[in-house]
Amino acid sequence: MATNQLLPSQIIDQTTLIGRWTIKSIHHTDTLYSTNLGSLIKFNLTNSTALTIDFFNNGNPFGPSQIVAVRIDHQIWQRFMTNQMPQVITLTPNQHLIELMLVGNSDLDEVWSENQGFALKSISVTSSAVITPIAIIRPVTFIGDSITSGCWINGNHAAFDYAAEANYVAVCADQLNLDATRISYSAAGILKPGTGGVPNATTFF
C-alpha cells in the first residue's frame with residue numbers, strides 16, 4: 001500500500017495546530033516539537049485506510065515513555081507510548097475527524113532546558129488521502145500548572161496515569177466546543193519555577 005508521509009512543515013500546512021508547537025531539530029531531524037501536555041493536532045482525513053504516527057521516544061532515559069493519544073470522530077481516545085513507534089491505526093476510507101493529543105510525560109523530562117519535550121517526526125496516510133485542516137472557531141487559553149496540564153489524573157505513576165485528554169480542560173473543550181490551548185507546566189507558578197527546567201510564569205508566558 002502506497003503511503004504519503006507528511007513531515008513537520010507539511011503537517012503545519014495541512015492540519016490545525018492547537019497549543020504550543022514549533023519546528024525543532026531533535027537527534028538531527030526536524031520534528032514538530034511541543035513542551036506542553038494537551039497540545040493538539042486536528043484535521044479531516046478522507047480516503048485513507050490507515051494513519052501512521054511516528055514520534056521520537058524523547059523523554060528522559062531514566063523515566064517512563066511519553067504517551068500520546070488519538071481520537072477518531074469523537075470516539076474513545078486511543079493511547080500510544082512513544083517507545084513503541086511508529087503506530088498504525090486502521091481506518092475506513094470515509095471522512096474522519098482526527099485528533100492527536102500529547103497526554104503523558106514525566107517530571108524528569110527536561111522539556112524546557114534539554115529538548116526532552118514531545119517530538120513528532122511524521123504522520124503518514126494512504127497516498128490517495130485528502131487532508132484538510134479544521135477551522136478554529138472558539139479559541140480559549142487555559143493557564144496553570146499540573147492540574148491544567150492533566151497530571152496524576154488516574155493514579156500516582158508519571159506519564160501512565162497522566163491524562164491530558166480527560167482532565168477538566170479536555171472536558172470543558174468537549175462540552176463547550178472550545179479550541180483549548182494550555183500554557184501550563186507541572187509545579188510552575190508566578191514565582192516558582194516548574195519541573196523539567198521550566199522557568200516561572202513571567203518567563204514561560
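In this text, all values refer to a predicted model and were calculated from it rather than measured experimentally.
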J.: Considering residues at least two apart in sequence or located in another chain, which fulfil the side-chain contact (heavy atoms from CB on, under 4.5 Å) criterion with Ala158?
T.: Pro64, Ser106, Trp152, Tyr162
J.: Counting distance only, does the side-chain N/O of Ser113 pair as donor-acceptor with the main-chain N or O of Glu110 below 3.5 Å?
T.: no
J.: Would you please name every residue forming a side-chain hydrogen bond (donor to acceptor under 3.5 Å, both in side chains) with Thr82, sequence neighbours left out?
T.: Asn57, Ser65
J.: Can you hop from Phe118 to Ile26 via hydrophobic side chains spaced under 4.5 Å?
T.: no
J.: List the residues meeting side-chain contact (heavy atoms from CB on, under 4.5 Å) with Thr35, not counting sequence neighbours, and say none if there are none.
T.: Tyr33, Val111, Tyr185
J.: Would you say the side-chain atoms of Thr52 pair up with the backbone N or O of Val88, donor to acceptor, closer than 3.5 Å?
T.: no
J.: Same cluster for Ile11 and Phe55 if Ile/Leu/Val/Met/Phe/Trp/Tyr side chains link at under 4.5 Å?
T.: yes
J.: Not counting sequence neighbours, which residues clear side-chain hydrogen bond (donor to acceptor under 3.5 Å, both in side chains) with Ser124? List them please.
T.: none
J.: Roughly how far, to the nearest 0.5 Å, is the OG1 atom of Thr202 from the CZ atom of Phe204?
T.: 8.5 Å
J.: Report yes or no: does Asp179 contribute a side-chain atom to a donor-acceptor pair with the main-chain N or O of Ile137 at less than 3.5 Å?
T.: yes
J.: Could you list the residues that satisfy salt bridge (Lys or Arg N to Asp or Glu O under 4.0 Å) with Arg20, not counting sequence neighbours?
T.: none
J.: Does Asn60 offer a backbone N or O that forms a donor-acceptor pair with the side chain of Asp109 under 3.5 Å?
T.: yes
J.: By the rule that ILVMFWY residues connect when side-chain heavy atoms come within less than 4.5 angstrom, directly or transitively, which residues belong alongside Phe142?
T.: Val140, Ile147, Tyr168, Val169, Leu176, Leu178
J.: Mind checking what makes side-chain contact (heavy atoms from CB on, under 4.5 Å) contact with Asn94, not counting sequence neighbours?
T.: Thr92, His96
J.: For Ala50 and Ser48, work out which heavy atoms get closest and say how close.
T.: O-OG, 2.7 Å
J.: Kindly write out the residues that satisfy side-chain contact (heavy atoms from CB on, under 4.5 Å) with Phe205, not counting sequence neighbours, or none if the list is empty.
T.: Ile143, Ile183, Ala201
J.: Got a salt bridge between Lys192 and Asp145, using NZ or NE/NH1/NH2 to carboxylate O under 4.0 Å?
T.: no
J.: With clusters built from Ile, Leu, Val, Met, Phe, Trp and Tyr whose side-chain heavy atoms come within less than 4.5 Å, directly or transitively, what are the remaining members of the cluster of Ile190, listed by chain and number?
T.: Leu191
J.: If you link I, L, V, M, F, W and Y whenever their side-chain heavy atoms are under 4.5 Å apart, who else ends up in the same group as Met101?
T.: Ile18, Leu40, Ile67, Trp77, Met81, Val103, Ile136, Phe160
J.: Would you say Ser149's side chain and Cys151's backbone share a donor-acceptor pair under 3.5 angstrom?
T.: no
J.: Applying side chain to side chain contact (heavy atoms under 4.5 Å, CB included), run through Asn58 and His27 and close with a yes or a no.
T.: CA-CA 9 Å; Asn58 198 49; His27 308 303; 3.4 Å; yes
J.: Short question: side chain of Gln66, backbone of Gln116 - any donor-acceptor pair under 3.5 Å?
T.: yes
J.: Output every pair passing side chain to side chain donor-acceptor pair (under 3.5 Å) with a member in residues 5-14, not counting sequence neighbours, ordered by first then second residue.
T.: Gln5-Ser122
J.: Test side chain to side chain contact (heavy atoms under 4.5 Å, CB included) on Met85 and Val68; report intermediate values, then the result.
T.: CA-CA 11 Å; Met85 292 286 165; Val68 302; 3.8 Å; yes
J.: How is the hydrophobic cluster of Leu97 composed, in terms of its other members, when Ile, Leu, Val, Met, Phe, Trp and Tyr link through side-chain heavy atoms under 4.5 Å apart, directly or indirectly?
T.: Ile134
J.: Go through the steps to decide whether Asp30 and Ser25 satisfy the test side chain to side chain contact (heavy atoms under 4.5 Å, CB included), and finish with yes or no.
T.: CA-CA 4 Å; Asp30 280 348; Ser25 179; 4.1 Å; yes
